[in-house]
Amino acid sequence: MREGWRKMVALLASAVLLAGSPVRADTVPSGLYAQYEAQRDVTRGFGYHEVFEPDVYRMDEGDVETEEVTLSGGEYRFKAICDSACGDIDLVVRDSRGQVVASDYELDSVPIVSFRTGRGDYTVRLSMESCDWEPCQAVLMYMKK
């Protein structure tokens, strides 16, 4: 019974991949790991540490990914990195009322937002504005001081 269930899950996962939907991966892809490590180390140099595992996505141009996070309060820095095919990716953090806490809409592939906030629930929105060779891979990092 279990084996049949595993096969069904594998088939469904394959169907989602073939349909072109954004896929969230579990680990930082090898092609982005050096960039991830460098960005993490730079941010650590400013006294930040990771508070959540990074989220990894495969996104086409125009795709949007959102994550709900609960923060304990303090000073945060969230950043995204994108592969070499990515021309522009944007990052926005909103509080539970929908108010923008921090945003980076600059034309770049490494958006960074720094903000101080209290305890609460927040929505992090990552949007792929420009991707030359779809899908682009993106990593979203969560750091706190």
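The line from CG of D83 to CD of Q35 is 8.5 Å long, rounded to the nearest 0.5 Å. Taking CD of Q39 as the reference point, atom CE of M143 lies at 9.5 Å (rounded to 0.5 Å). Distance CD1/I112 to CZ/F78: 13.5 Å, rounded to 0.5 Å. Expressed to the nearest 0.5 Å, how far CZ of R94 lies from CD of Q99 amounts to 8.0 Å. To the nearest 0.5 angstrom, L71 atom CG is 5.5 Å from F52 atom CZ. Atom CD in E65 sits 7.5 Å away from atom CG in L126 (nearest 0.5 Å).
Ring geometry, Y122 versus F115: the interplanar angle falls from 30° to 60°, so the pair is classed tilted.
No more than 12 heavy atoms of other residues, nucleotides or ligands lie within 6.0 Å of CD in E53, so this atom counts as exposed by the packing criterion. Counted within 6.0 Å of CD on E106, heavy atoms from surrounding residues, nucleotides or ligands total 12 or fewer; the atom is thus considered open.
Linking ILVMFWY residues whenever their side-chain heavy atoms come closer than 4.5 Å, directly or via other members, places V93 and M128 in the same cluster. No single ILVMFWY cluster, assembled from side-chain heavy atoms under 4.5 Å apart, contains both V100 and V124. L91 and V51 fall within a single hydrophobic cluster, where Ile, Leu, Val, Met, Phe, Trp and Tyr side chains are chained together by heavy-atom contacts under 4.5 Å.
Inspection of the Y57 and D63 side chains reveals no N or O donor paired with an N or O acceptor under 3.5 Å. Using a 3.5 Å distance cut-off with no hydrogens or angles, the side chains of T66 and E68 do not pair a donor with an acceptor.
Looking at every heavy atom in both residues, A138 comes nearest to I89 through CB-CD1, 3.8 Å. Across all non-hydrogen atoms, the minimal contact from V28 to P54 is CG2-CG, 3.9 Å.
The backbone N or O of S72 lies less than 3.5 Å from no partner atom in the side chain of K144, so there is not a single donor-acceptor pair. Under the 3.5 Å distance criterion, the side-chain polar atoms of D88 are matched with a main-chain donor or acceptor of D108.
For the pair R77 and F46, the cation sits on the ring face: its NZ or CZ lies under 6.0 Å from the ring centre, inside 45° of the axis.
Residues meeting the salt bridge (charged side-chain N to carboxylate O under 4.0 Å, His left out) test with R125, sequence neighbours left out: none. A search for side-chain hydrogen bond (donor to acceptor under 3.5 Å, both in side chains) contacts involving D121 returns T70, not counting sequence neighbours.
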For a disulfide (SG to SG under 2.5 Å) check, start with the C-alpha distance between C136 and C131, then their side-chain angles and the critical distance, and finish with the verdict.
CA-CA 6 Å; C136 283; C131 177; 2.1 Å; yes
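Contact check for Q137 versus V139: no side-chain heavy atoms found under the 4.5 Å cut-off.
Each of R40, E75, K79 was compared with Y48 under the side chain to side chain donor-acceptor pair (under 3.5 Å) criterion, and only E75 meets it.
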